[in-house]
Amino acid sequence: MPKSLKQSKPDDFFEQVYEVTRKIPYGRVTSYGAIARFLGTARSARMVGWALNACHSRPLHVPAHRVVNRQGLLTGKMHFGTPTAMQQLLENEGIRVMNDRVVNFRKLFWDPCKEL
DNA sequence: GGTGTGACAATGG
DNA sequence: GCCATTGCCACAC
């Protein structure tokens, strides 16, 4: 029974990513690396992005638009259906975006390891 | 069980 | 501040 137990949650890692992403405060942004480090997989920052890629398979809405790369670049905007959807959502929260890059990213940066 | 891949991060120029 | 290269882990086939 022990070996079959984990079979129920094959996407445990993804679940964690979604959970942290939902906890991002309004008007704040974070990076994939920060989430990865918070989950204990600092070197799997790419997996965080991939996990969000599968967020469409989730019944719950995930504010993936608040997650950007270390440079504050909206690398995943293309996965929102429309190329401008991500930027629109960020601007809607008061976040200024220029050239697909978050302005004052360091100020708006939200570190789950510290804040959470 | 190996191979390919990905919404990244860190470093150096 | 920007561009190019390398390393990295987890997942699908």
Side-chain angles (χ1 to χ4, degrees):
Chain A
M1 157 292 211
K3 54 183 179 183
S4 305
L5 187 62
K6 57 187 294 185
Q7 193 174 355
S8 295
K9 286 272 188 177
D11 45 350
D12 188 24
F13 178 80
F14 286 18
E15 275 281 345
Q16 296 284 6
V17 176
Y18 303 141
E19 191 173 353
V20 176
T21 306
R22 278 196 307 250
K23 291 176 183 172
I24 301 175
Y26 179 89
R28 292 292 204 116
V29 291
T30 187
S31 65
Y32 304 91
I35 298 175
R37 191 161 11 169
F38 178 76
L39 297 179
T41 56
R43 294 157 189 169
S44 309
R46 312 183 90 187
M47 293 301 87
V48 178
W50 201 358
L52 291 175
N53 187 14
C55 76
H56 294 277
S57 301
R58 286 273 130 187
L60 209 58
H61 176 248
V62 181
H65 59 275
R66 293 178 187 157
V67 185
V68 294
N69 66 347
R70 198 93 176 77
Q71 300 177 339
L73 199 67
L74 280 55
T75 50
K77 63 174 185 178
M78 37 172 20
H79 294 275
F80 276 78
T82 59
T84 56
M86 188 173 184
Q87 183 172 341
Q88 286 291 318
L89 288 169
L90 290 173
E91 289 183 344
N92 192 17
E93 297 188 358
I95 300 175
R96 185 88 68 175
V97 178
M98 283 203 300
N99 253 353
D100 299 341
R101 187 176 57 194
V102 177
V103 183
N104 298 332
F105 171 69
R106 293 185 62 172
K107 292 181 182 178
L108 297 173
F109 183 77
W110 177 79
D111 193 342
C113 201
K114 294 178 182 179
E115 304 283 344
L116 204 58

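In the text below, chain A, chain B and the rest are named by the order of the sequence lines, each starting its count at 1.
The distance from atom NE2 of A:His79 to atom P of B:dA7 is 4 Å, rounded to the nearest whole Å. Spacing between atom CZ of A:Arg101 and atom P of C:dG1 amounts to 7 Å, rounded to whole angstrom units. Atom P of nucleotide B:dA9 and atom CG of A:Asp111 are separated by 12 Å, given to the nearest angstrom. Atom pair A:Phe14:CZ and C:dC9:P shows a separation of 16 Å (rounding to whole Å applied). Rounded to an integer number of Å, the gap from CD of A:Glu15 to P of C:dC11 is 12 Å.
Contact of the A:Leu52 side chain with the A:Phe14 side chain is not registered, since no non-hydrogen atoms from C-beta on lie closer than 4.5 Å.
Picking from B:dA10, C:dC11, B:dA7 the nucleotide with the shortest atom distance to the side chain of A:Arg70 gives B:dA10. Each of B:dT5, C:dC2, B:dA7 was ranked by its minimum atom distance to the side chain of A:Trp50; first place goes to B:dT5.
Looking at heavy-atom distances under 4.0 Å, A:Asn53 makes contact with a base.
Side-chain atoms of A:Gln88 and A:His65 include no donor-acceptor pair closer than 3.5 Å.
One N or O on the side chain of A:Asp111 and one on the backbone of A:Cys113 form a donor-acceptor pair closer than 3.5 Å. Between the side chain of A:Thr41 and the main chain of A:Ser44, no donor-acceptor pair closer than 3.5 Å is present.
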Inset, instruction - Any chance you could lay out the side chain to side chain contact (heavy atoms under 4.5 Å, CB included) test for A:Met86 and A:Val68, step after step, and finish with the verdict? - result: CA-CA 10 Å; A:Met86 188 173 184; A:Val68 294; 3.9 Å; yes
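The residues A:Lys23 and A:Glu115 are annotated as not salt-bridged, no charged nitrogen and carboxylate oxygen being separated by less than 4.0 angstrom.
Residues from residues 23-46 of chain A placing a heavy atom under 4.0 Å of any atom in DNA chain C, listed by number, are A:Thr41, A:Arg43, A:Ser44, A:Arg46.
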